[in-house]
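Just below is one structure, and these are the notes that go with it.
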Protein chains: 2
Amino acid sequence: MSTAERLIESTRELLWERGYTGTSPKAIQQRAGAGQGSMYHHFAGKPDLALAAIRRTAEEMRVRAEEQFSAPGTAVDRITAYLLRERDVLKGCPIGRLTQDPDVMADPALRAPVDETLAWLRGRLADLLAEGRERGELGAALDPQATAATVVAVLQGGYVLARAADSVQPFDQAVTGVLGLLAAHVPTTHE
Amino acid sequence: MSTAERLIESTRELLWERGYTGTSPKAIQQRAGAGQGSMYHHFAGKPDLALAAIRRTAEEMRVRAEEQFSAPGTAVDRITAYLLRERDVLKGCPIGRLTQDPDVMADPALRAPVDETLAWLRGRLADLLAEGRERGELGAALDPQATAATVVAVLQGGYVLARAADSVQPFDQAVTGVLGLLAAHVPTTHE
DNA sequence: GTCTATACGACGATAGAC
DNA sequence: GTCTATCGTCGTATAGAC
């Protein structure tokens, strides 16, 4: 792996673990096994490197989500598979966490991939829900956009609860809970 | 207001806006209009001051939530009122955000109030949901614990989505969505 | 491309005068 | 109680040699 690659990967890890403010150039260099000069040769500075790291993480997240979304099965099947997918729950969402970093949110370039990724997720889930509703898999009363936002929020909030409790249990409960609520909207499961 | 009070209040604001790592003693002093010596006279250091600030914020959060929880009405009414309560959505949750700060999570003293507050919230909502189920306001199939986790996660995740989008819309949608799902579990609304 | 040297303010705290 | 002085380290680079 090239030095530039190692720098990006180290930055991705540190942004995930410690956030933008909590990540120093020195820490990035040490983890990447690169010197000062090397880092500043490849990147203009901390924001530039962070941008490369965030873009890559965002792209990876979309690809992994799309794997579930484009799988065979009903809309609810695919959303269920997405929600139950294996996750590094206690580490949280590498994109969602950036939302709490004022320095990231204050920089339009850094903010854009965060905003776009979460908006894409909601949109994609809304599409699935709308499709499921059209096919009669879901009740006509279900609001695809609102429900999509709920599903993404359950994940993002589930990470928060899990980190607070230092346990995956609240995350799993939140997912179980929303799946239970969603099941009540599946016409065939109505008593 | 005493100097110690102003220091605590300033710390509360800064922890909310910038998190623990992003908040420096100097910034706290400036906002409080106090000098170095003054701060270190009243508090042992940054962690000590943060502890006082976090405890107060946690206490305030419980009191405000309990106002809705102990109001008259059905369980669903009270949960709805809680979810629709006025909030500083774009600023996020002052307790939930600390969850993303590794230095807070690494310190048992700082972590405790965060953990306890979110756990209390889930427990309180689970109680309400269980009560509503016993009274027949909610379907027997509803899992109080899981659903409580879902409700709290929707709020915490809604903040994340709102901050990413720089708009309250996704937060409102997530709340609308979960209320819509919950409505399907109210026996009388079944067609 | 990578290294070392240098810079300068911020961070988090202590010491001691008033 | 509050102030100023001082301290050692870190953060975020730039400069220039190799």
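Worth knowing before you read on, the calculation uses all heavy atoms, side chains too, and leaves out hydrogens, waters and symmetry mates. Lettering of chains follows the sequences in order, A, B, ..., and the numbering in each one begins at 1.
Comparing atom distances between the A:Lys46 side chain and each of C:dT2, D:dG1, D:dA13 picks out D:dA13 as nearest. With C:dG1, C:dA13, D:dG11 as the choices, the nucleotide that has an atom nearest any side-chain atom of A:His42 turns out to be C:dG1. The side chain of A:Thr3 lies closest to C:dT2 when the candidates are D:dA13, C:dA13, C:dT2.
Taking atom OH of A:Tyr40 as the reference point, atom P of C:dA5 lies 18 Å away to the nearest angstrom. The distance from atom NE2 of B:His41 to atom P of C:dC18 is 19 Å, rounded to the nearest whole Å. For B:Met39 and C:dT14, the CE to P distance is 10 Å, given to the nearest whole Å. Nucleotide D:dG11 holds its P atom 11 Å from the CG atom of A:Leu14, rounded to whole Å. Here the P atom of nucleotide C:dG1 and the CD atom of A:Glu5 are 14 Å apart, to the nearest Å. Straight-line distance from the CD atom of A:Gln29 to the P atom of D:dA13: 10 Å, rounded to whole Å. As rounded to whole Å, 14 Å separates atom P of D:dA13 from atom CG of A:Leu7. As rounded to whole Å, 10 Å separates atom C1' of D:dT12 from atom OH of A:Tyr20.
Within the hydrophobic cluster formed by Ile, Leu, Val, Met, Phe, Trp and Tyr side chains joined at under 4.5 Å, directly or through other members, B:Met1 stands alone, with no partner residue. By the 4.5 Å side-chain criterion applied to Ile, Leu, Val, Met, Phe, Trp and Tyr, B:Leu49 is assigned to a cluster that also includes B:Leu7, B:Ile8, B:Leu14, B:Ile28, B:Met39, B:Tyr40, B:Phe43.
B:Glu5 pairs by the side chain to side chain donor-acceptor pair (under 3.5 Å) definition with B:Arg56, not counting sequence neighbours. Residues meeting the side-chain contact (heavy atoms from CB on, under 4.5 Å) test with A:Asp166, sequence neighbours left out: A:Leu90, B:Arg111. A:Asp127 is linked by a side-chain contact (heavy atoms from CB on, under 4.5 Å) to A:Arg124, counting only residues two or more places apart in sequence or in another chain. Listed by chain and residue number, B:Trp16, B:Lys91 satisfy the side-chain contact (heavy atoms from CB on, under 4.5 Å) test with B:Asp88 (two or more places apart in sequence, or in another chain).
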Please step through side chain to side chain donor-acceptor pair (under 3.5 Å) for the pair A:Arg87 and A:Tyr159, ending with a clear verdict. CA-CA 10 Å; A:Arg87 291 163 193 281; A:Tyr159 288 129; 3.3 Å; yes
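Only at 4.0 angstrom or more do the heavy atoms of residues 99-111 of chain B sit from any atom of DNA chain C, so none qualifies.
At least one donor-acceptor pair under 3.5 Å links the side chain of A:Thr150 to the backbone N or O of B:Val178.
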Please tabulate, for the side chains in residues 115-123 of chain B, all donor-acceptor contacts under 3.5 angstrom to protein atoms that are two or more places apart in sequence or on a different chain.
{"from": "B:Thr117", "atom 1": "OG1", "to": "B:Arg62", "atom 2": "NH1", "distance (Å)": "3.4"}
{"from": "B:Thr117", "atom 1": "OG1", "to": "B:Pro113", "atom 2": "O", "distance (Å)": "2.6"}
{"from": "B:Arg122", "atom 1": "NH1", "to": "A:Gln173", "atom 2": "OE1", "distance (Å)": "3.4"}

Pairs under 3.5 angstrom, nitrogen or oxygen only, protein versus nucleotides 3-10 of chain D, please.
{"from": "D:dC3", "atom 1": "OP2", "to": "B:Gly35", "atom 2": "N", "distance (Å)": "3.1"}

